[in-house]
Amino acid sequence: ATNDDASDKEVYTVATDNGYVPFEFIDEDSGDLVGFDIDLINALAEEAGIEIEFEVLEFDGIVAGVSSGRFDVGIAGMTITEERQESIDFTQPYYEAGLILAVKEGNEEIQSIDDVDGKVVATRTGSTSQEYLEANTEANAEAFPGIIEAYQNVLAGRADAVLYDLPNVSYYSEKEAGGELKTVGEKLTGEDYGIAFPKGSELRDVIDDALTSLKENGTYDDIYEEWFGE
Ligand code: GLN
């Protein structure tokens, strides 16, 4: 945290990513960082009476940057895992996701995760899906720093499939891929997203309490509705 001289208030740094629709991404028209996570953390900061500023980096650097204390907070559609909990603390869950496989429209060969052995499956470096592919399949997992590159490789025919978080795959397929990307099979895991803090952070408790309040007072539902409503 740094000091904001104008208000003499502490400014907390929030590490996030800018290529993970619809949680954190750059709005093409305004050039602003927008998304469900961005709205949520802004509302939480307001509820808690703190000031924040965003630092954008690739997903893979966020856990390390938060655990070292370089950032005060991390929010990036980050799944709460036991392994990550060894180096960072999380709030209560704020979003329920899970992994889904997707292929290019017209690919009938891959119908589910059982068909990926020996295939090139694109994913993102440092993600739960990279870990899933390595632990549970014989696929040739190819990890990219940004998930958009993974989708582009599938659409260009350089990768056979992509495995990633269902809300991101759905949103990307619908809004960015022009019907060229289709999900196959069932959702593979249940994963809860949490907001990350350095181990022992007192701010974690403040934000966790604010999250409870926003879930109770309807603000959370309003933000959810805005990004995921019909
Ligand atoms: N939920 C996934 C993970 O935690 C992916 C998150 C992301 O790409 N922002 O690994």
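Both counts, for ligands and for their atoms, begin at 1 and track the order of listing.
- Nearest protein heavy-atom neighbour of atom 6 (C) of ligand 1: G77 O, 3.2 Å.
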>> Apply side chain to side chain donor-acceptor pair (under 3.5 Å) to residues Q92 and T212 and explain how you reach the verdict.
In response: CA-CA 9 Å; Q92 62 185 289; T212 302; 2.9 Å; yes
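- Considering both main-chain and side-chain atoms, T79 comes within under 3.5 Å of ligand 1 through a nitrogen or oxygen pair.
- Close N/O approach between R124 and ligand 1 is found [any backbone or side-chain N/O within under 3.5 Å].
- Set against the non-hydrogen atoms of M78, the atoms of ligand 1 under 4.0 Å away are 4 (O).
- A salt bridge does not link D89 with R204: none of the charged nitrogens is closer than 4.0 Å to a carboxylate oxygen.
- Partners of Y94 under the ring-ring contact (aromatic ring centres under 6.0 Å, His included) rule, at least two apart in sequence or in another chain, do not exist in this structure.
- I80 and Y95 sit in two unconnected hydrophobic clusters of ILVMFWY residues. Membership requires side-chain heavy atoms under 4.5 Å apart, directly or through other members.
- A salt bridge is defined here as a Lys NZ or Arg NE, NH1 or NH2 lying under 4.0 Å from an Asp or Glu carboxylate O, and K182 with E108 meets this definition.
- Of the protein's non-hydrogen atoms, the one nearest atom 9 (N) of ligand 1 is A76 O, 2.8 Å.
- Those atoms of ligand 1 with a heavy atom of R84 less than 4.0 angstrom away are 3 (C), 4 (O), 10 (O).
- Aromatic ring pairs are classed by plane angle as parallel below 30°, tilted from 30° to 60° and perpendicular above 60°; the pair Y224 and F228 is tilted.
- Of all protein heavy atoms, the one lying nearest to atom 8 (O) of ligand 1 is Y164 OH, 2.6 Å.
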>> Could you walk me through whether R124 and E58 satisfy the salt bridge (Lys or Arg N to Asp or Glu O under 4.0 Å) test, starting with their C-alpha distance in whole Å, then the side-chain angles of each, then the deciding distance to 0.1 Å, before giving a yes or no?
In response: CA-CA 10 Å; R124 186 179 209 182; E58 284 298 359; 3.2 Å; yes
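- For T128, heavy-atom contacts with ligand 1 shorter than 4.0 Å involve the backbone as well as the side chain.
- In the vicinity of S127, heavy-atom distances shorter than 4.0 Å reach the ligand 1 atoms 10 (O).
- Residue contact check for ligand 1: Y193 places a non-hydrogen atom closer than 4.0 Å to it.
- Of the protein's non-hydrogen atoms, D165 OD2, 2.6 Å is the one closest to atom 1 (N) of ligand 1.
- Here ring pair (Phe, Tyr, Trp, His ring centres under 6.0 Å) pairs that include residues 60-88, with residues two or more places apart or in two chains, number zero.
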